[in-house]
Engineer: 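Quick one: this structure, given as structure tokens, is what I'll be asking you about.
Residue numbers count from 1 along this sequence.
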Amino acid sequence: MRKSPKAVSSAAAAQLSSINGSTISDTSHMRAINARAIFQVLRRDAWEPTLTDLKEATGLSRPTLEAGLAELAAKGWVAELSPAEKPLHSGRPARRYRFLAESGCVAGIDVGPNKVDLHVADLRGDLLATSRVYPAANAPLTPTMVHAMLAELLDRPALAGRTLHMVTVGVPGVVNNAGELTHSFVMPHWANAAVREELAALMGAAVRLENDANLATQTEFSIGSGQHSDSMIYLMLGTRISSGSIINGRLHRGAHGAAGEVGSLPTRLWPDVRLELLSELRQRPATGSAETERSDSDLMQEVFTSASAGDPVATARVRKFVAGIADALVVLLLALDPELVVVGGGTARAGEALLEPLQQALNVRTLVPVPVELATHADGAVVEGALLTALADLRADVFGG
């Protein structure tokens, strides 16, 4: 069933009546619920509500509001405006409050062997700064290098004086449920190393590692093409193939964090169709010196463009490529029965030239046709998902889980 866009409820105080199936009775959980309700109202852009405003928006009593505001203020998230900041009017001035989004920041990082994307946002989630860094090809990427990239970004004037609270780092590989990178074909020197601990020590903030495809999946589910679905598969088609899945509104990570690592299948089950296609394209007679300088992404884009224009050779190559993907993707579709497939990654830039043949290939392989859509955030889905996760983790930490 398609769901309506996610929205903040005015009765947020009652939205978490139980945790893990148990009725909440202790005051600490109730305080956390109340703090969440107050926070959801206060974080609205440029709004400085009074206690009356907050009471109307949350349904909480005045004493409960005052206690919740005091708790948030003690954590540095909320401030009561001084009398000088309050509007002039007769009678006792109303007490007004403001969310201190500028008091700190969080960071999301997408780490790959060829590029690193970094985003920093304030506590409201408003983007403050971004950076893309291309590491030297002859030097393996290290946590120290990633920290230096973030430190340079945090040195910008717009971020001066902000405390870095939380960092999420997207990595290509299997991240288990303890937050440890256990396998990575792309960055093997990071696997089974104390990467998270080293980054946390360098950055002076809490650090979480997460699989890059899972982060991209979260982005498309939260703010992208999958935001109206309760179950979806995200297929990342780039220099490698990976996927993530949402089941009943929740990211499915699996018992060991390896769910979705379909690119690890033996080639007899899922041939490396991308490399096969690129190999064919590289074997074409060169038209000049520029031919050898063209990137893989340029060659991929060209073959899809040519297929869209009706070129029979390009069309045959695209259909072979898509068939290889569909043969393996259909296994996920039959196992999970999602509402939607979202295709992202660099290859998704081919657009309809990829989407239409992939939809056709899946339709003849599945029991029930599943719509296929292009990712809304094809290029920056991983780093955006990292930022969303960092914000969610920080709020969970502030509100006691």
Engineer: For a 4.5 angstrom cut-off between non-hydrogen side-chain atoms, does Thr389 reach Glu210?
Structural biologist: no
Engineer: Do Met187 and Val111 touch side chain to side chain, with heavy atoms closer than 4.5 Å?
Structural biologist: yes
Engineer: Using 0.5 Å steps for rounding, measure from the CD1 atom of Ile325 to the CD1 atom of Ile241.
Structural biologist: 5.0 Å
Engineer: Which atom names give the shortest non-hydrogen contact between Gly226 and Val342, and what distance separates them?
Structural biologist: N-CG2, 4.3 Å
Engineer: Is the CD atom of Glu66 crowded by more than 12 outside heavy atoms at less than 6.0 Å?
Structural biologist: yes
Engineer: Could you go through the side-chain contact (heavy atoms from CB on, under 4.5 Å) check for Glu220 and His377 one step at a time?
Structural biologist: CA-CA 7 Å; Glu220 289 299 323; His377 304 259; 3.4 Å; yes
Engineer: Ring pair (Phe, Tyr, Trp, His ring centres under 6.0 Å): which pairs involve residues 36-55, sequence neighbours left out?
Structural biologist: Phe39-Trp77, Phe39-Phe99, Phe39-Phe399
Engineer: Working to the nearest 0.5 Å, report the span between CG of Asp117 and CG of Asp379.
Structural biologist: 7.0 Å
Engineer: When you measure from the side chain of Arg317 to the backbone of Val303, do you find a donor-acceptor pair of N or O atoms at a distance under 3.5 Å?
Structural biologist: no
Engineer: Counting only heavy atoms not in Arg365, do more than 12 fall under 6.0 Å of its CZ?
Structural biologist: yes
Engineer: Drop me the distance from Thr376's OG1 to Ile223's CD1, to the nearest 0.5 angstrom.
Structural biologist: 8.5 Å
Engineer: How long is the span from the NE2 atom in His189 to the OG atom in Ser184, to the nearest 0.5 Å?
Structural biologist: 8.5 Å
Engineer: Quick one: does Glu48's side chain have a donor or acceptor within less than 3.5 Å of a partner on Arg96's backbone?
Structural biologist: no
Engineer: Assess the residue pair Met203 and Leu150 against the criterion (side-chain contact (heavy atoms from CB on, under 4.5 Å)); give the C-alpha distance rounded to whole Å, side-chain angles, the decisive distance to 0.1 Å, and a yes or no.
Structural biologist: CA-CA 8 Å; Met203 296 175 177; Leu150 180 60; 3.8 Å; yes
Engineer: Kindly give the heavy-atom pair with the smallest separation between Ser308 and Ala353, and that separation in Å.
Structural biologist: OG-CB, 2.9 Å
Engineer: At their closest point, which heavy atom of Leu100 faces which heavy atom of Gly76, and how far apart are they?
Structural biologist: CD1-O, 3.8 Å
Engineer: So does Glu339 get a backbone contact from the side chain of Ser231, meaning a donor-acceptor N/O pair under 3.5 Å?
Structural biologist: yes
Engineer: So with a 6.0 Å cut-off around CG of Asn248, is the heavy-atom count from everything else above 12?
Structural biologist: no
Engineer: Determine the minimum heavy-atom distance between Ser222 and Leu388, stating which atoms define it.
Structural biologist: CB-CD1, 4.2 Å
Engineer: Any donor and acceptor pair, going by atom type alone, linking the side chain of Arg253 with main-chain N or O of Ala259 inside 3.5 Å?
Structural biologist: no
Engineer: Is it true that, when you exclude Lys320 itself, more than 12 heavy atoms of the residues, nucleotides or ligands shown sit nearer than 6.0 Å to its NZ?
Structural biologist: no
Engineer: I want to check something: taking the side chain as every heavy atom from C-beta on, are Leu354 and Leu237 in contact at a cut-off of under 4.5 Å?
Structural biologist: yes
Engineer: Compare all side-chain heavy atoms of Leu127 with those of Leu387 and state whether any distance is below 4.5 angstrom.
Structural biologist: yes
Engineer: Donor-acceptor pair, distance only, cut-off 3.5 Å: does the side chain of Trp190 make one with the backbone of Pro172?
Structural biologist: no
Engineer: Sort out for me which residue in Ile233, Ile247, Leu332 forms a side chain to side chain contact (heavy atoms under 4.5 Å, CB included) with Pro338.
Structural biologist: Ile233
Engineer: Looking at side-chain heavy atoms only, is the closest gap between Tyr234 and Ile246 below 4.5 Å?
Structural biologist: no
Engineer: Less than 4.5 Å apart, side chain to side chain, heavy atoms only: is that true for Val167 and Ile109?
Structural biologist: yes
Engineer: Is any side-chain heavy atom of His256 closer than 4.5 Å to one of Val174?
Structural biologist: no
Engineer: What distance separates Asn192 CG from His183 NE2, expressed to the nearest 0.5 Å?
Structural biologist: 7.0 Å
Engineer: With a 6.0 Å cut-off (strictly less than), is the heavy-atom count around CD of Gln360, excluding the residue itself, greater than 12?
Structural biologist: yes
Engineer: Do you know the tightest heavy-atom contact between Leu374 and Ser225?
Structural biologist: O-OG, 2.7 Å
Engineer: Is it the case that the side chain of Arg124 and the backbone of Arg43 share a donor-acceptor pair, with hydrogens and angles ignored and the cut-off at 3.5 Å?
Structural biologist: yes
Engineer: Ser131 side chain to Leu153 main-chain N or O, any donor-acceptor pair under 3.5 Å?
Structural biologist: no
Engineer: Can you check whether Thr50's main-chain N or O pairs, donor with acceptor, with Asp53's side chain at less than 3.5 Å?
Structural biologist: yes
Engineer: Determine whether Leu69 and Leu51 make a side-chain contact, defined as any pair of heavy atoms from C-beta on separated by less than 4.5 Å.
Structural biologist: yes
Engineer: Going through the checks in order, is the side-chain contact (heavy atoms from CB on, under 4.5 Å) test met by Ser229 and Glu373?
Structural biologist: CA-CA 12 Å; Ser229 298; Glu373 297 182 11; over 6 Å; no
Engineer: Of all heavy-atom pairs between Pro49 and Leu54, which one has the smallest distance, and what is that distance?
Structural biologist: CG-CD2, 3.7 Å
Engineer: Does any N or O in the side chain of Asp397 come within less than 3.5 Å of the main-chain N or O of Asp393, such that one atom is a donor and the other an acceptor?
Structural biologist: no
Engineer: May I ask you to decide if Cys105's main-chain N or O and Asp122's side chain share a donor-acceptor pair within less than 3.5 Å?
Structural biologist: no
Engineer: Before you tell me yes or no, could you show the steps for Asn214 and Val175 under side-chain contact (heavy atoms from CB on, under 4.5 Å), namely the whole-Å CA-CA distance, both residues' side-chain angles and the distance that decides it to 0.1 Å?
Structural biologist: CA-CA 10 Å; Asn214 282 344; Val175 178; over 6 Å; no
Engineer: I need the Ile33 CD1 to Thr58 OG1 distance, nearest 0.5 Å.
Structural biologist: 13.0 Å
